Amino acid sequence: MDGLTKEKGLAIALVESITPSVAASQGYAHRRVLSALYRTHGALVLRRARQITGSDEEAEDVLQELFHNLVEKPESLSRASNCTAWLYGATTHLCFNRIRNRKNRERLLQAHGADKATHRDASAETLAFVQQALGALPDAQAMAFVYYYLDQMTHAEIADVMGCSRRHVGNLLERARAELERIHREDADE
Amino acid sequence: MSNFKQNLARLRSAPGEACVSDLDIDRLLLEDTDRTETASMRAQISACDHCRQRYEAIEADYQRFQARPAKIAFAPPDQRSTLLQLGAGLLATAAAVLLFVTSTPDPSPGAIRLKGGDRFDYTIVTASGRIRNDRTTARPGDELQWRFRASEDRYVAILSRGDDGRISVYFPEGEQTELISGGGETVLPTAVRLHGAERQQREQLYGFMCSKSVSIETLQAALREESSSFPSVCTIDRRPLLILEDL
């Protein structure tokens with residue numbers, strides 16, 4: 001990981017220096033920074049996008065989209081206090097957008113059998129369950145669900161990333177579980 | 001246990017609060033933790049099979065990602081203004097390169113390594129944002145994104161020679177080769193959009209990686225003389241590219 005560490009140092013140092021005016025006047029520099037950031041942090045974006053979307057192809061698209069957005073608006077990252085946590089949130093949002101596109105979601109669900117995603121304990125049933133959950137839950141509950149069940153975060157960590165209290169995280173997860181159980185029961189009744 | 005509960009249990013099989021999260025593992029691997037956090041996380045990973053397996057899986061993910069070619073898209077293919085910002089001079093060069101040569105594709109794709117272990121490469125991104133697997137053929141509207149892999153700091157440049165003998169400079173815009181850091185892959189901050197052409201064109205792209213700064217004029221002269229006088233301080237990676245005509 002030596003090379004990674006070297007690039008990471010460059011990325012973080014320069015990302016912290018990006019402001020809108022710097023980004024506008026030093027397009028070259030900020031693209032160098034983003035190149036370095038891509039090399040160091042791209043793996044985590046790709047991994048999480050695979051976990052959330054359940055699709056290698058969609059994950060690659062999310063990776064490209066996220067860094068493209070950063071090229072366009074580098075200031076969004078410069079406002080973040082922690083680069084890694086910011087990338088977690090940004091990846092989650094982009095994945096939700098894709099999953100909630102009906103056409104896309106249908107394709108993802110159909111592709112589960114063929115797509116060799118790297119989700120932990122990946123089974124078609126579990127992946128379908130995750131997709132259903134993310135498609136059905138309101139944003140905040142879906143985010144808490146992802147952080148807790150896919151990223152294995154504690155309530156305290158989720159509270160940090162989402163910028164809310166631990167109690168609120170607990171409430172979101174409770175509501176998410178109740179909602180999913182209700183949906184599951186309705187499906188079973190049908 | 002119901003399917004619903006089984007699915008939840010499968011997703012989070014070790015809900016112990018002591019287990020490190022994926023975020024923790026990422027921060028640890030990216031050295032984004034202080035000394036106390038590092039020690040605590042490493043102790044937990046050593047003591048917990050579940051944590052250790054996840055740590056090793058995520059670490060392997062990083063290594064796989066590091067080993068693969070960079071695919072960052074610096075500008076969407078449909079936003080020409082951004083491209084102009086990235087490399088106004090290069091667009092003109094690209095347009096000039098797309099002239100009228102009739103030819104067939106090179107049957108042997110990939111680089112022709114002249115010497116050295118450093119590497120020049122590029123990604124072709126289509127107008128719809130997809131990355132082409134075949135890097136020997138491009139179409140008008142495609143975008144070329146350059147990258148170098150070098151073990152040490154190198155002064156780099158990208159030039160091309162068309163079948164008509166025309167020499168073009170893609171990178172840098174200045175008069176000297178430009179310094180990039182060694183030790184990994186560098187994606188250049190410039191990209192070139194290929195403009196329309198009436199007939200297909202074949203050209204050779206040359207990635208120069210030099211241990212000392214070299215004038216672009218020297219490299220242009222060497223290409224004119226068909227490689228007989230490349231500077232000895234430079235490693236050269238040569239790649240064939242067929243640019244198809246506008247449909």
Side-chain angles (χ1 to χ4, degrees), chain A residues 1-10 12 27-32 34-36 38-44 46-48 51 60-61 63-64 67-68 71-72 82-85 87-88 118 120-121 123 125-126 129-130 147-155 157 161 177 180-181 184-185 188, chain B residues 2-8 10-27 29-32 50-51 53-54 57-59 61-66 68 70-76 79 82 85-87 125 129-131 147 180-181 183-190:
Chain A
M1 303 288 284
D2 288 347
L4 183 66
T5 304
K6 182 180 175 185
E7 288 185 348
K8 180 248 177 184
L10 169 71
I12 299 304
Y28 183 95
H30 98 253
R31 284 170 176 82
R32 284 187 88 124
L34 291 175
S35 278
Y38 178 90
R39 299 304 304 165
T40 55
H41 290 64
L44 82 84
L46 191 62
R47 185 190 77 244
R48 295 196 69 255
Q51 287 176 333
E60 293 285 353
D61 287 346
L63 176 67
Q64 289 295 319
F67 278 88
H68 165 65
V71 169
E72 294 292 300
N82 181 288
C83 179
T84 306
L87 287 171
Y88 262 63
T118 54
R120 78 163 55 87
D121 299 332
S123 69
E125 188 190 354
T126 308
F129 172 74
V130 171
Y147 292 137
Y148 187 79
Y149 286 105
L150 299 190
D151 297 316
Q152 315 284 300
M153 286 189 197
T154 62
H155 287 203
E157 287 173 322
V161 172
R177 280 190 284 262
L180 292 176
E181 196 160 14
H184 181 78
R185 215 179 304 117
Chain B
S2 71
N3 282 349
F4 168 74
K5 287 183 178 166
Q6 280 175 349
N7 279 323
L8 280 186
R10 241 181 251 143
L11 284 171
R12 186 151 174 143
S13 53
E17 291 289 300
C19 281
V20 290
S21 65
D22 288 6
L23 176 61
D24 280 340
I25 294 172
D26 280 316
R27 289 177 57 228
L29 287 167
L30 291 163
E31 297 187 355
D32 192 16
H50 178 70
C51 294
Q53 283 165 11
R54 285 170 42 238
I58 291 175
E59 186 179 38
D61 246 2
Y62 275 92
Q63 286 164 353
R64 274 194 297 275
F65 189 85
Q66 287 281 305
R68 75 181 207 161
K71 289 181 178 177
I72 186 168
F74 273 116
Q79 290 187 12
T82 308
Q85 224 175 13
L86 285 174
V125 182
R130 293 283 168 192
I131 292 168
R147 58 181 186 272
I180 61 165
S181 298
E185 189 165 74
T186 300
V187 180
L188 296 186
T190 56

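Heavy atoms only: backbone and side chains are in, while hydrogens, waters and symmetry mates are out. On a predicted model such as this, the values are computed, not experimentally measured, just so you know.
- Side chains of B:Asp22 and A:Gln51 form a contact here, defined as non-hydrogen atoms less than 4.5 Å apart.
- Separating the CG atom in B:Asp24 from the CE atom in A:Met153 is a distance of 8.5 Å, to the nearest 0.5 Å.
- Shortest non-hydrogen contact noted between B:Phe65 and A:Tyr38 is CE2-O, 3.2 Å.
- Salt-bridge formation is detected for the pair A:Arg47/B:Asp26: a Lys NZ or Arg NE/NH1/NH2 atom is positioned less than 4.0 Å from an Asp or Glu carboxylate oxygen.
- Taken to the nearest 0.5 Å, the CD atom of A:Gln152 stands 5.0 Å off from the NE2 atom of B:His50.
- Atom-to-atom distance recorded for A:His41:NE2 and B:Tyr62:OH is 6.5 Å, nearest 0.5 angstrom.
- Taking each heavy atom of A:Thr84 and B:Leu30 in turn, the nearest pair found is OG1-CD1, 3.9 Å.
- With rounding to the nearest 0.5 Å, the separation of CG in A:Asp151 from CD1 in B:Ile25 is 10.5 Å.
- Between A:Leu44 and B:Leu29, the closest side-chain pair of non-hydrogen atoms is not below 4.5 Å.
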